[in-house]
Every structure is written in structure tokens, then in C-alpha cells.
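Working notes, structure below.
In this text, all values refer to a predicted model and were calculated from it rather than measured experimentally. Lettering follows sequence order; numbering is per chain, from 1.
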There are 2 protein chains.
Amino acid sequence: MHRFSKKVSMTVVKRLPKYYQYLSDLQLNDIEKISSRELASLMGLTASQIRQDLNSFGGYGQQGYGYNVGELKEAIKEILGLDSEYNCIIIGGGNMGHAIANYERFKREGVILKGVFDVDPLTVGTVIGSVVVKHMDELDEFIKANEIDIAILCVPREVGQKVATQVTELGVKGILNFSPLDLDVPSDVVVENVNITDSLFTLTYLLGE
Amino acid sequence: MHRFSKKVSMTVVKRLPKYYQYLSDLQLNDIEKISSRELASLMGLTASQIRQDLNSFGGYGQQGYGYNVGELKEAIKEILGLDSEYNCIIIGGGNMGHAIANYERFKREGVILKGVFDVDPLTVGTVIGSVVVKHMDELDEFIKANEIDIAILCVPREVGQKVATQVTELGVKGILNFSPLDLDVPSDVVVENVNITDSLFTLTYLLGE
């Protein structure tokens, strides 16, 4: 777990995964160092934004040298908390639950799928992403026994809040929410929403601009 | 198609789908009018933000009355461009393509799925979301014949840019991009990214905060 003395803005936080992606690509292409100007040009940012962003975390560049790609990537991996492992469960074994369960990237970055839960008798007992789907009746016991850090919600809107309340009461501290509603959770729980309909509507708006 | 004289900030644009969702819910619950304060409290915003947001589009409230829920919802629907229909295709018939093809909400809001494309011989010819999956070899002709407005990209990262270039050269002006890469497209094309890995990493970051 990382700790910083000052609060970093969400705009910067939201850019961190992008840094991580670009630096990983650079490393794959055997590029060992990069200037803030080159990185900025790749990422569609300004060199000054890059320097400011990275300074929020203590700064990693060397004047006249630029950034060591491997070191900076590892630093950002740590900042993102990806040096830890996370136990996760998916609630809702429909199409979206399926899609997420098969994301190989999650596992590669230490987010381990421990269980998938559903209420549909046709889904319970099938295999999704290498685990056997369990009934929601088993959820409480499972979370207690498996130290679940993250619940990925892929349930219908109507039951989203009920499920969120259930998992947070059992101690889950992170929710990746694909259900199209705003969740009301205790202040020590973090929620990241992926609202696909909202993204579609932003697109239709921009198409008319 | 809507047109505004002044440029509206992306922060406000990104909130519009949320307004649309909340107003639709209020309407379903037979609530006919709402004050900016009540709407703000529901949405976790301030009344002043709400007034400012809606003023960007000309303003819809009446002093001392508040907003007429049905009228405001219809106005925002139009601002979002949801009074028009859009022909869309999904490229990539894997789990994510499946999930999106079965989103009933898309159709309900006038985004009509015209085709799904893939290269996998096991996927081509199967039915996804009520359409028969075609081979990518048929893509060019299909786009020309069907006036496709939106391409939804659910392809692996490695081919994302190639597919984006192909569809934009054929005249597609909107891309909803689920492939985890930043696309390089002509300036008259709009792209909305849904990067699920980025959302997961934001969550792991916040879990460590």
C-alpha cells in the first residue's frame, strides 16, 4: 500500500493508468529512456503536464537525461497499487460478467478472480473464467472466508444498491461498478463506475456538435 | 442534430447522461416538478452547479417553480442527440461484443445494431444480439450500403488502430472504443473510450490511498 502526504487530483490519478500503459509499451519495444517531451508527444499531453504529474509523486526525471522507462514504469505500478495482489469476485454472470471474467489483463496485474455469483439457476454451476459460478446465497460465507478486496458488479440496475450494501457490510472496500446507477456506500469504500450507456450518450452528443 | 453557439465544457457534457438518467427515473416515479436544490441533492451536486450546467444550454427552470421533469428530460434527450436514430455496428464478436450487442438500452435510445463483424470462423455465422455475424471481409461493402454512424470497437489492442482507420476511411464519424489503446483518427471523427483496465487501476490506486 502506498501513502502520500499530499492529495493528488483525480485528473492526475486518471492519467496514471495511461502512463503505465505507454511505459509498458515502450519497455516492450526495448526503449530504455525517454524525455518528457517525447513522452508528452506520444500521449497527447504537454511536457510541462508530464513533469507536473510526476512531481505530484516525488518526481522521477533527471535534468538533461529524461526518464528511465523501466524505473518509471515500476514506480507507477507501485503508485497504482499494482505491486499488491487483490482478491476479487464478480457478481452477475451475464454477458458483461463473462467479458470481465475473461479479461486476462486483470490476472496479469494481480487481480485474482476468486468467485462469480449469480441467482439464475441456468448460470449457477457453469464455469466462467475458470471458476464455477455459485449462488448468491453463498456470497456472505464466501466473502468472509476469502478476504475479498474488490467486488465487480455486473447486475441489473434494480438490484445494484442492494448488492453493494451487502458486500460493503461484509468488508469489501472496492467496487468496480458496471451497473448503471450511482451507488451509496460508506465513506471508506471506493467505487469506480464504468457506465457504458453514459459513454454512448457522450458520443451521440459529440456527433451532433 | 443540435447546435449551440458556445462551446460547452466536457465536464458539463459528461454530466448530461446523468441528468437524463435521474430525470427518467423521476418521471417513472410520476414526479412532475423538481427544484434545483432537490435535483442537486439526488445527484450529489450543488444547486448552483445544476443551474449553471443547464444555463449552458439556454436554461430551463422557472424562478420559484423549479424544473418541469418531463420537459427537462426531453430537452436533455435532444441535447444528447437522442431524438435521432443511429446505425451502429460492433466489430469483434467476443465476450465484450456479445455484452454490448445485448444491451437493450442502446436500441431503446435509437442506437440500432445493424451488424457484427469478426474474423474468427467459429464466430462468423453465429447470431449475436439478433444479427448474424459477418466476416471482416464484408465490412467495407456493408458500411457503404448501410450508412453506419457508429462503430463499436471490441477488438484486441493489436488491431484496434487498423480497424479504426478502416471504418473512418469509409465515413464512420463516431467510435465507441473498448479496445485498450488511444486511437488516432481524423479531426471530424469523435471517439469515446471505455477503458476497463484503466478503471480497475484507478480503483486499485484509490484502495491504497
Side-chain angles (χ1 to χ4, degrees), chain A residues 1-4 7-8 10 13-14 16-18 20-22 43-44 79-82 84 86 94-103 105-106 109-111 149-150 152 154 173-176 178 180-182 190-209, chain B residues 1-4 7-8 10 13-14 16-18 20-22 43-44 79-82 84 86 94-103 105-106 109-111 149-150 152 154 173-176 178 180-182 190-209:
Chain A
M1 292 280 165
H2 53 94
R3 292 281 179 277
F4 303 103
K7 183 91 185 161
V8 176
M10 271 312 284
V13 171
K14 291 273 178 190
L16 288 174
K18 211 169 145 105
Y20 186 56
Q21 181 67 65
Y22 277 88
M43 292 181 61
I79 292 169
L80 284 171
L82 297 173
S84 304
Y86 301 87
N95 288 303
M96 185 56 71
H98 248 101
I100 304 305
N102 287 294
Y103 251 54
R105 184 71 189 276
F106 278 30
E109 300 290 358
V111 179
D149 305 294
I150 296 173
I152 304 179
C154 304
K173 294 292 181 223
I175 295 178
L176 187 59
F178 287 86
L181 80 162
D182 294 325
V190 290
V191 176
E192 184 65 19
N193 293 304
V194 183
N195 192 321
I196 293 169
T197 309
D198 284 5
S199 296
L200 177 72
F201 292 172
T202 303
L203 186 68
T204 57
Y205 173 86
L206 293 171
L207 276 171
E209 224 182 17
Chain B
M1 291 282 164
H2 54 95
R3 291 281 178 277
F4 302 102
K7 183 88 184 164
V8 176
M10 272 312 284
V13 171
K14 292 273 180 191
L16 288 174
K18 210 169 147 108
Y20 187 55
Q21 182 67 64
Y22 277 88
M43 293 181 60
I79 292 168
L80 285 171
L82 296 173
S84 305
Y86 300 87
N95 289 305
M96 185 55 72
H98 249 100
I100 305 303
N102 288 294
Y103 251 54
R105 185 71 191 277
F106 278 31
E109 300 289 357
V111 179
D149 305 295
I150 297 173
I152 303 179
C154 303
K173 295 291 181 224
I175 295 178
L176 187 58
F178 288 85
L181 80 163
D182 293 325
V190 291
V191 176
E192 184 65 18
N193 294 305
V194 183
N195 193 321
I196 293 169
T197 310
D198 284 5
S199 296
L200 177 73
F201 293 171
T202 303
L203 186 70
T204 57
Y205 173 86
L206 294 171
L207 276 171
E209 225 183 15

- Given that the side chain runs from C-beta out, which part of A:Tyr20 has a heavy atom under 4.5 Å from chain B: side chain, backbone, both or neither? side chain
- Message: Has A:Thr204 got a side-chain atom pairing as donor or acceptor with B:Leu80's backbone, closer than 3.5 angstrom?
- Response: yes
- Query: chain B heavy atoms under 4.5 Å from A:Met43: which part of the residue, side chain, backbone, both or neither?
  - Reply: neither
- Query: Which pair of heavy atoms, one from A:Ile196 and one from B:Phe106, lies closest together, and at what distance?
  - Reply: CG2-CZ, 3.8 Å
- Based on non-hydrogen pairs under 4.5 Å, which of B:Ile152, B:Asn195, B:Leu181, B:Ile150 is most in contact with chain A? B:Ile150
- Item | Nearest-0.5 Å distance, OG1 of residue B:Thr197 to CD of residue A:Gln21 | 7.5 Å
- Straight-line distance of B:Arg105 CZ to A:Phe201 CZ, nearest 0.5 Å: 4.0 Å
- Message: Between A:Ala101, A:Pro180, A:Gly44, A:Ser199, who has the most heavy-atom pairs with chain B when the cutoff is under 4.5 Å?
- Response: A:Ser199
- What one should report as the nearest heavy-atom pair of A:Lys173 and B:Leu207 is O-CD2, 3.5 Å
- Message: As a test of understanding, state which of A:Leu82, A:Val194, A:Ile100, A:Leu176 forms a side chain to side chain contact (heavy atoms under 4.5 Å, CB included) with B:Leu200.
- Response: A:Leu176
- Which atoms form the tightest heavy-atom contact between A:Leu203 and B:Ile175, and what is the distance? CD1-O, 3.6 Å
- Note on the structure: Honestly, the part of B:Phe178 sitting under 4.5 Å from a heavy atom of chain A is both
- Message: Less than 4.5 Å apart, side chain to side chain, heavy atoms only: is that true for B:Asp182 and A:Tyr22?
- Response: yes
- Where is the tightest heavy-atom contact between B:Ala99 and A:Met96, given as atom of each residue plus distance? CB-N, 3.8 Å
- Message: Does any backbone or side-chain atom of B:Asp198 lie under 4.5 Å from a heavy atom of chain A? Answer side chain, backbone, both or neither.
- Response: both
